2 protein chains.
Amino acid sequence: MIRTIEWTDQGVVMIDQRLLPTEEVYNTYKTVEEVAEAIRSMVIRGAPAIGVAAAMGIALGVKNLASEDGLKEKFDRICQIIRETRPTARNLFWAIERMREIFERHREASLQEIQTALEQEAVRIHREDIEINRKIGEHGQQLLAQRVNVLTHCNAGALATAGYGTALGVIRAAVENGKEIQVFADETRPFLQGSRLTAWEMMKERIPCTLITDNMAGYFMRLGQIETVVVGADRIAANGDVANKIGTYTVAVLAKEHDVPFYVAAPLSTIDLNTPTGDQIPIEQRDIKEVTEMNGRILVPQGVSVANPAFDVTPNHLISAIITEQGVVKEPYQETIASLFRK
Amino acid sequence: MIRTIEWTDQGVVMIDQRLLPTEEVYNTYKTVEEVAEAIRSMVIRGAPAIGVAAAMGIALGVKNLASEDGLKEKFDRICQIIRETRPTARNLFWAIERMREIFERHREASLQEIQTALEQEAVRIHREDIEINRKIGEHGQQLLAQRVNVLTHCNAGALATAGYGTALGVIRAAVENGKEIQVFADETRPFLQGSRLTAWEMMKERIPCTLITDNMAGYFMRLGQIETVVVGADRIAANGDVANKIGTYTVAVLAKEHDVPFYVAAPLSTIDLNTPTGDQIPIEQRDIKEVTEMNGRILVPQGVSVANPAFDVTPNHLISAIITEQGVVKEPYQETIASLFRK
């Protein structure tokens with residue numbers, strides 16, 4: 001059992017994903033600022049996990065308040081600290097909204113009651129996320145053949161969620177259902193979520209996994225060795241366009257070229273009905289050091305210009321299906337996605 | 001002026017491309033075995049440069065012979081040492097054939113005359129390669145718009161040739177002709193030829209260059225920021241299928257999806273008329289340490305399964321044109337490539 005993030009009396013405990021798989025270090029974050037910095041610096045990453053961390057960060061911020069003087073302003077400030085960490089993942093903003101609802105509902109209550117309510121909500125979001133992932137897994141695994149080679153990009157596993165995972169949840173559920181799954185894991189430059197995190201998760205559970213660099217997926221698809229793609233999502237627009245880790249779009253184009261099904265697995269909390277299409281999804285541009293350095297050693301000529309967009313958008317027409325806890329939807333996504341929220 | 005490889009009285013001098021751009025170290029290789037190891041370990045890489053190194057290695061091997069006893073067997077052994085270094089690049093075998101022709105032509109001559117003839121041939125191959133690259137550049141630059149953003153993959157530059165480069169030769173020639181070229185350089189995992197070598201070459205000549213990871217090319221194509229692709233080749237089959245650095249095929253698929261021209265720049269010595277299609281091109285599988293380690297530090301969970309194909313094959317239908325020293329050819333490649341050899 002991988003413990004990604006936990007609420008404890010001492011603070012929010014997270015496994016430091018920057019150090020995996022070499023070191024398994026658990027840090028305790030005691031303030032909302034520390035949690036925000038953990039999100040920003042990718043101690044924790046993956047949209048659902050970021051959502052959980054955001055909720056816990058807000059609960060922690062309010063828990064640390066000594067008095068209820070100017071509580072509304074303080075709460076807004078706490079939410080703002082969390083809001084400014086990362087711009088793309090929908091779940092961050094979804095979690096802030098959910099925590100704000102609890103806060104608003106308890107405006108007449110004592111500070112201690114509010115603190116308790118927010119803490120309970122954060123823990124509930126954590127617990128729900130695991131249940132949601134299990135449902136995603138159960139729906140998604142039905143799409144996989146009895147024996148199939150599956151490519152995944154980045155890490156949409158237990159480490160990207162409260163546990164179990166979205167894309168890797170689909171793979172885990174298929175294995176639990178007796179299916180023979182051979183995973184291909186894209187390395188996922190620059191942060192190496194595939195080689196460091198996905199490969200680590202698969203090895204822990206003895207699910208066969210072959211690590212490849214990002215530029216090898218086309219080679220293996222052309223050989224017919226990749227038969228299905230399953231990825232997670234950071235934000236899904238109302239029309240089904242999907243923002244996910246940089247490189248996802250390339251995998252989707254390759255999948256189309258080779259008639260390989262391309263599935264996106266994500267909870268409803270990743271879907272943003274207020275974002276009409278992928279064009280409106282803000283794409284985070286991260287520090288170029290992620291590209292230019294590895295373990296503190298510089299890999300490139302000094303002063304070279306570098307781009308580091310952290311996400312890309314896969315247009316809906318390249319997506320075979322979106323797998324959610326409410327079921328699997330296909331085109332036309334504008335209608336089918338809306339229907340998920342009416343269930 | 002970048003000095004990739006040179007014949008000297010002391011031996012074959014090569015810049016150690018494994019250390020660039022951090023260190024500029026020139027090593028002198030004094031035996032054919034040392035040259036072979038330099039090719040195998042990628043001190044030198046890039047099909048045309050490998051061809052030059054192969055020729056010089058053979059010349060060196062014969063130069064080091066003390067007597068002409070069993071000369072034919074010794075020559076065969078020397079060629080075999082070179083032949084067994086790397087399987088994909090056509091230029092290696094082309095250079096061996098060319099050196100063998102010189103050897104056969106001088107069978108009646110003295111050892112010293114043979115040594116001189118082979119040395120002269122190796123130096124001629126080196127000199128010719130630069131001239132050929134300049135012709136490739138001149139033909140190829142005519143395909144580029146006056147102001148254009150060009151993506152290249154891996155390094156097909158001065159470091160991959162005797163000098164000037166094939167794909168980068170096209171870019172250099174365009175710049176020399178007053179065109180405004182903005183280069184995008186794919187990092188090119190696992191060996192990082194793009195970030196370490198192409199970016200270094202472009203910076204030396206102040207050609208604007210933006211480094212991206214391999215999985216970002218799709219993002220920038222979708223934004224319309226990559227307008228043309230130019231790559232080199234390791235082997236071109238008679239039907240125009242192109243083996244080149246792993247990831248090239250993915251770039252070609254992306255180019256097709258975005259209606260971006262995809263050009264291959266290579267000398268005739270990279271074309272193998274005896275290889276009917278790309279399916280017959282042997283793809284080298286290299287040590288997985290190239291993927292799993294960086295500067296000696298392990299990046300992945302211990303024992304993970306890893307694939308490391310060094311090349312992939314781009315089918316002819318994805319290639320807009322092949323640029324050679326004899327001119328530019330387009331589909332149907334079976335006929336147009338054959339015509340190049342009749343010029």
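Predicted, not measured: the structure shown is a model, and the values here were computed from it. Throughout, protein chains are lettered first and strands after them, A, B, ... in sequence-line order, and every chain is numbered starting at 1.
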**Message:** Let's test your reading of the structure: which of B:P309, B:P208, B:P315 forms the most heavy-atom pairs below 4.5 Å with chain A?
**Reply:** B:P309
**Request:** Heavy-atom pairs under 4.5 Å with chain B are the metric here; pick the option from A:A252, A:S195, A:P301 that has the most.
**Result:** A:P301
**Asked** Which bit of A:V313 is near chain B, if near means a heavy-atom gap under 4.5 Å: side chain, backbone, both or neither?
**Response** both
**Fill in**
One should read off an interatomic distance between B:L192 CG and A:M294 CE, to the nearest 0.5 angstrom, of 7.0 Å
**Proximal component of A:I283, with respect to chain B [non-hydrogen, under 4.5 Å]** = side chain
**Prompt:** Among B:M203, B:R196, B:K204, which residue forms the greatest number of heavy-atom pairs with chain A at distances under 4.5 Å?
**Reply:** B:M203
**Prompt:** Within a strict 4.5 Å, meaning less than it, do heavy atoms of the A:R189 and B:D214 side chains meet?
**Reply:** no
**Prompt:** Which region of B:T22, side chain (C-beta onward) or backbone (N, CA, C, O), has a non-hydrogen atom less than 4.5 Å from a non-hydrogen atom of chain A, or is it both or neither?
**Reply:** side chain
**Message:** Are there residues of residues 215-222 of chain B whose heavy atoms fall under 4.5 Å of chain A's heavy atoms? If so, which?
**Reply:** B:N215, B:M216, B:G218, B:Y219, B:F220, B:R222
**Message:** With chain A as the partner, which of B:D312, B:V300, B:I212 has the greatest number of non-hydrogen pairs under 4.5 Å?
**Reply:** B:V300
**Message:** List the residues meeting side chain to side chain contact (heavy atoms under 4.5 Å, CB included) with B:E293, not counting sequence neighbours, and say none if there are none.
**Reply:** B:K289, B:I298
**Item:** Contacting region of A:Q302 [heavy-atom separation from chain B under 4.5 Å]
**Value:** backbone
**Prompt:** Of all heavy-atom pairs between B:T210 and A:V306, which one has the smallest distance, and what is that distance?
**Reply:** CG2-C, 4.2 Å
**Request:** Can you sort out the partners of A:K256 under salt bridge (Lys or Arg N to Asp or Glu O under 4.0 Å), two or more places apart, ordered by chain and number?
**Result:** B:E257
**Request:** Give, as side chain, backbone, both or neither, the part of A:N308 having an atom under 4.5 angstrom from any heavy atom of chain B.
**Result:** both
**Item:** Residues of residues 236-249 of chain B with any heavy atom under 4.5 Å of a heavy atom in chain A
**Value:** B:I246, B:G247, B:Y249
**Complete:** Between A:C209 and B:S305, the two heavy atoms sitting closest are O-CB, 3.3 Å
**Message:** With a 4.5 angstrom heavy-atom cut-off, is it the side chain or the backbone of B:P21 that approaches chain A, or both, or neither?
**Reply:** side chain
